[in-house]
> 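So that we are looking at the same thing, I have put the structure below in structure tokens.
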Protein chains: 2
Amino acid sequence: MSDVAMPIGQLARSVGCNVQTIRYYEQIGLLPPARRTAGAQRRYGAAHRQKLTFIRHARELGFPLPAIRELLALVHEQDSDCARADGIARRQLEAVNRRVAMLMSLRTELERMLMHDHGNRIRDCRVLATLADHRLCIETHHADSADS
Amino acid sequence: MSDVAMPIGQLARSVGCNVQTIRYYEQIGLLPPARRTAGAQRRYGAAHRQKLTFIRHARELGFPLPAIRELLALVHEQDSDCARADGIARRQLEAVNRRVAMLMSLRTELERMLMHDHGNRIRDCRVLATLADHRLCIETHHADSADS
DNA sequence: GCTAAAACCTACAGTCACTAGAGCTTCAAG
DNA sequence: CTTGAAGCTCTAGTGACTGTAGGTTTTAGC
Ligand SMILES: [Zn+2]
Ligand SMILES: [Zn+2]
Ligand SMILES: [Zn+2]
Ligand SMILES: [Zn+2]
């Protein structure tokens with residue numbers, strides 16, 4: 001399509017993020033500055049769109065921005081070994097695994113709380129009783145790393 | 001133990017959070033202000049410790065602070081119905097379920113990326129190729145809600 | 001009573017990855 | 001040439017803390 005001189009809003013729609021996000025990426029130096037019209041509006045081409053697509057896809061897979069910055073730098077070294085890139089992805093996988101494990105035990109505990117018979121008064125509520133005393137929990141859901 | 005006049009550091013150790021967190025909770029009105037010594041240092045008793053334990057346990061289960069604030073308010077209405085408390089917990093369970101679902105599909109995709117044979121050059125790297133083009137993904141891991 | 005170290009105090013900045021708003025300017029269609 | 005959408009910069013806010021600077025209080029040993 002009209003790749004030649006896309007304004008920022010069109011680029012945003014085409015990759016599915018919003019305009020402020022693109023300006024933010026430029027500001028922190030993740031996306032190189034766009035060329036500007038005489039009136040100082042940004043105009044983007046295919047290269048920018050590719051880079052932004054990469055960034056957004058990585059974000060959707062949960063990579064943090066510093067990791068993405070490193071991955072983008074690696075893309076330019078076509079002849080180098082990809083071990084570093086793979087390492088970043090593996091670390092991301094491990095982080096995801098830790099979060100999943102954490103959330104699964106939270107889920108178990110929340111389900112346990114809710115399953116119990118509630119004497120429908122606050123004073124007898126299983127949810128509040130459990131929150132007040134972790135000994136009513138079975139699982140050790142406690143955070144070693146990875147929150148919420 | 002010495003519940004009578006715990007200084008903030010001791011309270012922090014006893015519930016397993018750090019000192020700034022307690023001051024932060026006081027600042028945002030989640031934890032009521034402690035009484036002070038002549039020299040303006042905070043001293044805590046059993047009631048404070050109970051409340052803080054409740055807060056920290058709820059946080060470990062992923063409840064956001066506004067939900068915890070509401071739960072704490074409910075605890076004082078011993079004779080009321082616990083439906084609201086249960087509703088908050090159910091919403092938290094649903095949020096956890098959404099996150100788990102999201103993270104599972106991220107995990108699948110990350111594993112797929114990494115499983116592939118890598119021609120150990122950047123130019124052939126499956127990780128970077130996949131990040132550059134979502135069509136190489138099977139799962140629709142895309143975020144509708146719940147990030148990272 | 002004195003000293004030194006540990007713990008405490010306030011106030012403010014920084015984290016992460018955006019998002020929202022105010023107040024102004026530029027672009028493109030008619 | 002007018003108008004309305006879209007763009008611009010700059011600043012502040014989100015959630016739930018964490019870290020720092022620079023000062024004061026407490027406590028234990030002598
Ligand atoms: Zn209940
Ligand atoms: Zn528990
Ligand atoms: Zn590779
Ligand atoms: Zn994908």
Side-chain angles (χ1 to χ4, degrees), chain A residues 2 4-31 33-44 48 52 54-72 92 95 99 143 145-148, chain B residues 2 4-31 33-44 48 52 55-72 92 95 99 102 143 145-148:
Chain A
S2 53
V4 226
M6 240 185 299
I8 196 167
Q10 197 180 328
L11 176 62
R13 272 191 308 280
S14 96
V15 304
C17 71
N18 61 28
V19 164
Q20 297 101 299
T21 305
I22 300 174
R23 288 198 280 247
Y24 169 71
Y25 288 159
E26 180 184 315
Q27 191 194 314
I28 63 169
L30 196 62
L31 203 57
R35 65 197 166 79
R36 304 284 189 125
T37 63
Q41 299 199 358
R42 292 170 181 85
R43 290 297 180 266
Y44 295 94
H48 271 102
L52 182 55
F54 184 103
I55 295 169
R56 291 310 301 170
H57 196 198
R59 283 295 299 134
E60 278 159 10
L61 286 161
F63 288 84
L65 292 185
I68 296 174
R69 199 185 289 271
E70 205 175 339
L71 289 166
L72 281 171
Q92 174 60 16
R99 289 213 189 108
S145 61
D147 48 57
S148 82
Chain B
S2 53
V4 226
M6 240 186 298
I8 196 169
Q10 196 179 328
L11 177 62
R13 271 191 309 279
S14 96
V15 304
C17 71
N18 61 29
V19 165
Q20 297 100 302
T21 305
I22 299 174
R23 288 198 280 245
Y24 170 71
Y25 288 159
E26 179 183 316
Q27 190 195 314
I28 62 169
L30 196 62
L31 203 57
R35 67 197 164 78
R36 305 283 189 125
T37 65
Q41 297 200 358
R42 291 168 181 86
R43 291 296 180 264
Y44 294 94
H48 271 103
L52 182 56
I55 295 169
R56 290 310 301 169
H57 195 199
R59 284 295 299 135
E60 278 160 9
L61 286 162
F63 288 85
L65 292 185
I68 296 174
R69 199 186 289 273
E70 205 175 340
L71 289 167
L72 281 172
Q92 174 60 14
R99 289 212 189 109
M102 185 70 198
S145 60
D147 50 57
S148 83

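Letters A, B, ... mirror the listed sequences (proteins, then strands); counts begin at 1. Here the structure is a predicted model, which is why all the values come from computation and not from measurement.
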> State, to 0.1 Å, how close A:Leu31 and A:Leu52 come at their nearest heavy-atom pair, and which atoms those are.
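Smallest heavy-atom distance, with atoms named: CD1-N, 4.1 Å.
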> When we call it a touch if two heavy atoms are under 4.0 Å apart, what does B:Ile8 touch: a base, just sugar-phosphate, or nothing?
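Contact class for B:Ile8: sugar-phosphate only.
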> For a 4.0 angstrom threshold against heavy atoms of chain A, report the outermost contacting nucleotides of DNA chain C in 5' to 3' order.
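The contact span of chain A on DNA chain C goes from C:dA17 to C:dC27.
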> When we call it a touch if two heavy atoms are under 4.0 Å apart, what does A:Arg36 touch: a base, just sugar-phosphate, or nothing?
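The residue A:Arg36 makes sugar-phosphate contact but no base contact.
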> Which pair of heavy atoms, one from B:Ile68 and one from B:Ile55, lies closest together, and at what distance?
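Taking B:Ile68 first and B:Ile55 second, the nearest heavy atoms are CD1-O, 3.8 Å.
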> Over all heavy atoms of both residues, which pair between B:Arg56 and B:Cys17 is shortest? Give the atoms and the distance, please.
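It is NE-CB, 3.8 Å.
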> Who passes side-chain hydrogen bond (donor to acceptor under 3.5 Å, both in side chains) against B:Tyr24, sequence neighbours left out?
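Per chain and number, B:Tyr24 pairs via side-chain hydrogen bond (donor to acceptor under 3.5 Å, both in side chains) with no residue.
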> Give the minimum heavy-atom separation between A:Arg23 and A:Arg42, together with the two atoms involved.
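Scanning both residues, the minimum pair turns out to be CD-NH1, 3.4 Å.
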> Does A:Arg42 make a side-chain N or O approach to OP1 or OP2 of D:dC8 shorter than 4.0 Å?
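A:Arg42 to D:dC8 OP1/OP2: side-chain N or O found under 4.0 Å.
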> If you restrict it to nitrogen or oxygen atoms, what contacts under 3.5 Å exist between nucleotides 24-26 of chain D and the protein, and what is each distance?
from: D:dT26; atom 1: OP1; to: B:Thr37; atom 2: OG1; distance (Å): 3.0
from: D:dT26; atom 1: OP1; to: B:Gly39; atom 2: N; distance (Å): 3.3

> What pairs of residues pass the salt bridge (Lys or Arg N to Asp or Glu O under 4.0 Å) test when at least one of them lies in residues 63-72 of chain B, not counting sequence neighbours?
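Every salt bridge (Lys or Arg N to Asp or Glu O under 4.0 Å) pair that includes a residue of residues 63-72 of chain B, provided the two are not neighbours, is B:Glu70-B:Arg84.
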> Within this structure, what is the CD1-CG distance for the pair B:Ile8 and B:Asn18, rounded to the nearest 0.5 Å?
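So the gap between those two atoms works out to 9.5 Å.
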> Encode nucleotides 14-19 of chain D as B, S and - characters from 5' to 3', where the letter depends on protein heavy atoms closer than 4.0 Å: B to the base, S only to sugar-phosphate, - to neither.
--BBBB
> Look at the side chain of A:Gln92 and the backbone N and O of A:Leu61, then say whether any donor-acceptor pair between them is shorter than 3.5 Å.
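Such a contact is found between A:Gln92 side chain and A:Leu61 backbone.
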> Rounded to whole Å, please give me the gap between OH in A:Tyr44 and P in D:dA6.
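Those two atoms, OH and P, are 17 Å apart.
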> Whole angstroms only, please: what is the CD1-P distance between A:Ile22 and D:dT9?
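Distance, rounded to whole Å: 13 Å.
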> Which whole-number value in Å describes the distance from A:Arg13 CZ to D:dG7 C1'?
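These atoms are roughly 12 Å apart.
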> How close do A:Val19 and A:Gly9 get, heavy atom to heavy atom, and via which atoms?
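Nearest pair, atom of A:Val19 first, then A:Gly9: CG2-CA, 3.8 Å.
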> Here's a test of your reading of the structure: between A:Val19 and B:Arg23, which maps to the more 5' nucleotide of DNA chain D?
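The residue whose closest nucleotide sits nearer the 5' end is A:Val19.
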> Rounded to the Å, how far apart are A:Met6 CE and D:dG7 C1'?
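Rounding to the nearest Å, CE of A:Met6 and C1' of D:dG7 are 16 Å apart.
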> Going by salt bridge (Lys or Arg N to Asp or Glu O under 4.0 Å), name the pairs with one or both residues in residues 7-22 of chain B, residues two or more places apart or in two chains.
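Every candidate salt bridge (Lys or Arg N to Asp or Glu O under 4.0 Å) pair involving residues 7-22 of chain B fails, so no pair, neighbours aside, qualifies.
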> Ignoring hydrogens, what is the shortest heavy-atom contact between A:Tyr44 and A:Pro7? Give both atom names and the distance.
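Here A:Tyr44 and A:Pro7 meet closest at CD1-C, 4.4 Å.
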